[in-house]
**Student:** 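Here you go, one structure.
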Protein chains: 2
Amino acid sequence: MRDSEVEIVRSLPLFSSMAEENLGSMLAGSFLQRFPATVVLFAESDLTDFLHVLVEGQVELYASVNNREGTMTLIKPVATFVLASALVDGAYQMSARTLETSQILMIPAENVRKAMRDDSEFAQKAVMELAACYHGVVRAYKNIKLRTAVERLANYLLVQHRRQSGEGEITLPVEKRTLASMLGMTPENLSRAFSTLKPYGVTVDGADIRLEKLNDLETLAKPSEFIDAR
Amino acid sequence: MRDSEVEIVRSLPLFSSMAEENLGSMLAGSFLQRFPATVVLFAESDLTDFLHVLVEGQVELYASVNNREGTMTLIKPVATFVLASALVDGAYQMSARTLETSQILMIPAENVRKAMRDDSEFAQKAVMELAACYHGVVRAYKNIKLRTAVERLANYLLVQHRRQSGEGEITLPVEKRTLASMLGMTPENLSRAFSTLKPYGVTVDGADIRLEKLNDLETLAKPSEFIDAR
DNA sequence: CCGATCATTTGATAAATGTCAAGCACCATC
DNA sequence: GATGGTGCTTGACATTTATCAAATGATCGG
């Protein structure tokens, strides 16, 4: 592993306060790998070999039951994923695939578990990271359980608007079918949800969305601090 | 706090390997409190004052949006709840209320965070517990996102059957309206879901359910190791 | 530029789920 | 045993969401 790669790892809160020597031994046996788009990285039933760090590209965590499939979450660089699975030494519980060409740093799960035992600073950070992940899924669970499809879309648009701060303009960061799956609906239904939002000032041009009546949209969406990400 | 109460705490995996002195100082300022049924313990927006240990009774964690309300999970003794919130020092993120008369041990969240810093054994256990909670919500999320109401009920019945091992007979551990909320549907819809399952050998007599065609029910339910609790 | 492929949209329809209202059953209390 | 409350069920209906099919639009390699 190159120094620049170690720097990337070090920049993540999870690893920031780890003792130099522990970081080094954890990264021994780690490697950076390049994947093309649409590649399945692992299935939910696979045993967790690696903690993953997405360095570049985009990854989708998803789950399947029968023939149905649903997006659990999308990972953007730079971020770790499947930390919980790596720590407990069991199955991944979710499947993963690349959405774009991606670079992923693979850290042997065994090393991560050893680091947790040896480095108490790291254990602390792991606790905080896991707690944040937990609340993240709780939010997603509330979202799908307590809101209609149109409300989920409206709130998604508002969150994106806040993040992109584009003054009434946002660009969807993923294909619409992926967005549909993330929001728990079919692509057809997403398309109709956009139509439903037209009276609330939402106009669609491909991946470019204009929000011209933010107040009206908020009235419909009724965003909640305890569901919608900051 | 009495010795018997300390014993209860000690019996939980989370606290089992904690140093005696750290356990003692964590429990300083803790107290056992008795609540009647239907009492709200905290709201999702409240700051997390306490890690809770349900010693007796039953507690519902729920969330509300607008006027809608949904059960997140049910807690049975002996178990801790809101560990993640206690560790991060923020809002509870979920509301809680007693379903029955309950005894709850309240441990100041500050003490828990201190214990995590001071006792590395405890930090390890907290990591494992949080990872388990995380996967628990992930399961719930998959369940609601990828299954229909009838499938969720069918799988719930099969899980209960496994747990109660009643040879084709189970007793619902909660009121049907609570079950409905937990399974993400209205009471009316739950009632109809039971009717739908009649051809699959499910007969209902109040809280007593008979499952007479387990194979047929499994064929419908298509249980999954990665959704349904053991 | 052409053709092929894929994503998206639209329409028609079906299935799933929620809402409202009424009735029933059970239980507690008087 | 009457009374009232509560939870559950059922029916009628509305809404939401999914499915299937087809049309449209975008993209990419040749």
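Residue numbers begin at 1 in each chain, while the letters A, B, ... track the order of the sequences. What's counted below: heavy atoms across the whole structure, side chains too, no hydrogens, waters or symmetry copies.
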**Student:** Between B:Glu69 and B:Ser64, does any side-chain donor sit less than 3.5 Å from a side-chain acceptor?
**Tutor:** no
**Student:** For B:Met185 and D:dT9, give me the distance from atom CE to atom P, rounded to whole Å.
**Tutor:** 12 Å
**Student:** If you take atom types as modelled and just measure distance, does the side chain of A:Arg147 reach the base of D:dT17 with a donor-acceptor pair under 3.5 Å?
**Tutor:** no
**Student:** Side-chain N or O of A:Thr186 versus OP1/OP2 of D:dA18: is the shortest distance under 4.0 Å?
**Tutor:** yes
**Student:** Between the side-chain atoms of B:Glu175 and the base atoms of D:dC8, is any donor-acceptor pair under 3.5 Å?
**Tutor:** no
**Student:** Check whether the ring centres of A:Phe42 and A:Tyr92 lie less than 6.0 Å apart, and answer yes or no.
**Tutor:** yes
**Student:** To the nearest 0.5 Å, how far apart are CG in A:Leu157 and CD1 in A:Ile170?
**Tutor:** 4.5 Å
**Student:** For side-chain contact (heavy atoms from CB on, under 4.5 Å), just list the numbers for B:Asn155 and B:Arg147, CA-CA rounded to whole Å, side-chain angles, deciding distance to a tenth of an Å, and then say yes or no.
**Tutor:** CA-CA 10 Å; B:Asn155 280 291; B:Arg147 282 176 173 158; 3.1 Å; yes
**Student:** Ring centres of B:Phe50 and B:Phe31 under 6.0 Å apart?
**Tutor:** yes
**Student:** Tell me yes or no: between the side chains of A:Glu60 and A:Thr71, is some donor less than 3.5 Å from an acceptor?
**Tutor:** yes
**Student:** For chain B and DNA chain C, what are the first and last nucleotides along the strand, 5' to 3', with at least one atom under 4.0 angstrom from a heavy atom of the protein chain?
**Tutor:** C:dT17 to C:dC20
**Student:** Mind calculating the distance between CZ (B:Arg177) and P (D:dT9) to the nearest angstrom?
**Tutor:** 13 Å
**Student:** Quick one: do B:Phe15 and B:Thr80 satisfy side-chain contact (heavy atoms from CB on, under 4.5 Å)? Show the steps, please.
**Tutor:** CA-CA 10 Å; B:Phe15 305 107; B:Thr80 61; 3.8 Å; yes
**Student:** Just how far, in rounded Å, is P of D:dT17 from NZ of B:Lys145?
**Tutor:** 14 Å
**Student:** Using whole Å, what does the distance between atom C1' of nucleotide D:dA18 and atom CG of A:Leu190 come to?
**Tutor:** 14 Å
**Student:** Nearest 0.5 angstrom please: A:Ser102 OG to A:Leu54 CG, how far?
**Tutor:** 5.5 Å
**Student:** Using a 6.0 Å distance limit plus a 45 degree cone around the ring axis, check whether A:Arg139 lies over the aromatic ring of A:Phe226.
**Tutor:** no
**Student:** Got a sec? Which of residues 193-201 of chain B come in under 4.0 Å of DNA chain C, heavy atoms?
**Tutor:** none
**Student:** How many whole angstroms separate atom CG of B:Leu172 from atom P of D:dG7?
**Tutor:** 16 Å
**Student:** Just the rounded figure in Å: distance from C1' of D:dA12 to CZ of B:Arg192.
**Tutor:** 9 Å
**Student:** Relative to the 5' end of DNA chain D, which residue comes earlier, A:Arg152 or A:Glu188, by the nucleotide with the nearest heavy atom?
**Tutor:** A:Arg152
